[in-house]
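All ligand and atom numbering here is 1-based and tracks the order in the structure. Here, residue 1 is the first one in the sequence, and each next residue gets the next number.
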Amino acid sequence: MPLAQPAYTYAVPEGMELEVGDAVSVQFGLRKYYVGVVWRLHDTPPMAGRVKPILRRIYDHPLLDEQQRALWEWMAAYYICSLGEVMRCALPSLIKPSADSDSLLLQEEYHPRTERYYTLAEPYCHEEALHKCFDQFERRAPRLYATLAEVVHMLHQHMSEEVARRLLTADAAPLQQLVKKGVLELREHTPDVEYGTPAFRLPYLTPHQQQALDRLRSEFAAGRTAALLHGITGSGKTEIYIHLIAEVLARGGDVLLLVPEIALTAQLIERMERIFGSRVTAYHSRLTNQRRSESYLRLKRSSGGEFVVGVRSSIFLPLGHLQLILVDEEHDASYKQAEPAPRYSARDVAVWLAQRVSGHALLGSATPSLESWLNATSQKYGFSTLTERYGEAEPPTIYLSDTRRAAQRGERHGHFNKLLIDKIEQALSRNEQVMLFQNRRGFAPYLECPECGWIARCPHCNVTLSYHKYRAQLVCHYCGHTEHSATRCPSCKVVDLQPMGFGTEKVEEQIAELFPEARVARLDRDQLTSEQALNRIVDDFAAHKTDILVGTQMITKGFDFEAVSLVGVLNADNLLLNPDFRASERAFQLLQQVAGRAGRRRAGGEVVIQTSDPTNPLLRQVLNDDYSAMAHEQLAERKSYFYPPYARLTMLTVRHRDVQVVRRAAGELAIRLRRRFGERVLGPIAPPVDRIRGEYLMQLMVKIEAGKSRLRANQLLLEEVNALKQHPDFKQVIVAINVDPQ
Ligand code: ADP
Ligand code: ZN
Ligand code: ZN
């Protein structure tokens, strides 16, 4: 089974012991060698041709166990893709069977992960000696003093090198010096799992939190597989997770905590590491292949008690004792893989998997997806709520600020209303921090000629090129095409092009003009060049080395900064004007999440949302912090137009370089599908961006009643797609199938 291929049959040579799930190397074609996974052992010879023998068995254990094979098969059937496509996504690349990976696999030996950690050197474990050391440093080496103070403050028993690197505001140099001076020691050990008594203290829950936890426990005890925890930001959802996690680990079960974007939830991992120490396995794409493969193999051999914190692909990890899956920020769109196949939703897979292992899935969010909300309120899922913020923190005060009125009154500077400017000024004067949100990166979404109306467009996609000023480039956000930005209009050659609209770069530039003394940083995908770059921006903001953070969606997720008292949304309009049927739901979620960043630990947080449409009902719901009003209204709308969660969608995107071929193929596919699904088929239509990377796109949608068999519908659908591709004109046409598109 090479990459993304259907299964092939090979012969088992005399004397070779094989099990289902084994990794083996085989010859494919004349001179290619691949590594594959044994899927089925059988005696049926294939219809034609000679069967090549399997060359070698690679590991002495099967690579996949029964649970994983069941998961892969279900995913291939539910998301309409091949097992090979599931495999490509499920295995870390070093152990991934693929072309020419044989040599790699041979080198690939299992190394138990060793962890390096700092600890106080023995002589300094005594308070007196330590004090003396502090006294010395205080006078002569303030940097060492500060670092040591921080280490001691956070040191329970030991602190792993990784945690130290992320937690300490100091860089590595003072740590190294402390080691050299013999104050700290850097030791190595191989973390292993202790069973039984948890070696950590659990947080005491408030009565309100305790109630929510008890409710979840009783829902699970009553036999429900999944439950929704709807808790406003800062209410202590994570504290509840911690209790549930500790319980399962103490029993020797495995726990999987799914998080949306790992780099941005570094804080969450640290929090878990501080409690669960080296039991925590972080799993995300920013780790090296080596590390991910090691984690995979280590987990495979584990006898339970594992705690993985990871992004969506960690759903594939071999956790043989899985009992609990938590999906944090379950509404987050990044749980759905858009491209390539399998186009799966890790949240939905989590619920399936929990059911399969007779475990539990807990979905947590301040702004649940309407799918989960309906499941919870219709009692298909358990349901528990947290309605108060923990401690002193109170929900922020939200202001809607009318951009049109401000412009009429001359109270607008650049893209800032006076209200927002005043609030920023006040926050800065109180030495508090500010976050500014704009959901477009770059300087401006497009450049336009004021004379002839010429607009810079991508040569490969049907979209405008975004202007990135500091790089002096025009960039396509769909295909990555970049070109040097000309200033003079290339069409009429008369005047200079004007940037239209605005992105994060322009916000950053204007804020620097308005508040020249403030320290401003920007966080968006353009800054994601490396993990260090990203961490530096986040760490600097956390340490209050910057005052204002400008960013896209990224700043809405999971950040918990104490000193942020003000959040500004530069323009809510483009969130509301999106043509997607989920636009309102998404806008609400986003604005609530952004607002949740203000005043996390204290009262008096403020949020200013700028809009030209302050009477918009959705914005009123945000203003009143009224999730259930939003859900009620949106669900009524979804029901009457027959959209999810009342209908189940499958989107088919037909692609080809020739626009005529695409149109004909899509038309033909529509006719075929209507024969099977009748009125449930919508389209074909051209999507809003109907050309990407030189290929033209047409879309079809199939809507199926919730409750009808999905797998049966999938079969029919796949038959029609395959039949279409038999047509000589459409052999090269690509049909991408997206089940439950987001
Ligand atoms: P959520 O996950 O719902 O956003 P958190 O669990 O992050 O909320 O809690 C918000 C803040 O309040 C965190 O800093 C957390 O440490 C603190 N907190 C919440 N509940 C408790 C508790 N019972 N004891 C101590 N601190 C708590
Ligand atoms: Zn492009
Ligand atoms: Zn022009």
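There is a side-chain donor-acceptor pair under 3.5 Å between Q210 and D214. For the 3.5 Å distance criterion, the side chains of S369 and R347 qualify, holding a donor opposite an acceptor.
Heavy-atom separations between D328 and ligand 1 are all 4.0 Å or longer. Proximity of G231 to ligand 1 is not established, as no heavy-atom distance is less than 4.0 Å.
For a threshold of 3.5 Å applied to N or O pairs, the pair formed by G236 and ligand 1 contains at least one separation below that value. Ligand 1 has a nitrogen or oxygen under 3.5 angstrom from a nitrogen or oxygen of Q209.
When the heavy-atom distances from atom 5 (P) of ligand 1 to H208, E239, Q210, R271 are ranked, the shortest goes to R271. Looking at S365, G364, S235, G234, it is G234 that brings a heavy atom closest to atom 4 (O) of ligand 1.
Annotation: side chain of L619 is in contact with side chain of L591 (closest heavy-atom distance under 4.5 Å). For the pair R217 and E247, the minimum side-chain heavy-atom distance is below 4.5 Å.
By the side-chain hydrogen bond (donor to acceptor under 3.5 Å, both in side chains) test, Q660 is found to be paired with no residue, residues two or more places apart in sequence or in another chain being considered.
Evaluated for a side-chain hydrogen bond (donor to acceptor under 3.5 Å, both in side chains) with Q589, the options Q592, Q593, E585 yield exactly one hit, E585.
Contacts of L386 with ligand 1, taken as heavy-atom pairs under 4.0 Å, are absent altogether.
For the Zn ion (ligand 3), protein N, O or S atoms under 2.8 Å: 4 in total.
Vertex the Zn ion (ligand 2); arms to C479 SG and C476 SG; angle rounded to 10 degrees, 110°.
At a cut-off of 2.8 Å, C458 is counted among the residues with an N, O or S atom near the Zn ion (ligand 2). The Zn ion (ligand 2) has an N, O or S atom of C461 under 2.8 Å away, backbone or side chain.
Of all atoms in ligand 1, numbered sequentially from 1 with element shown, those under 4.0 Å from a heavy atom of I232 are 3 (O).
Within a 6.0 Å sphere centred on CZ of R430, heavy atoms belonging to other residues, nucleotides or ligands number more than 12.
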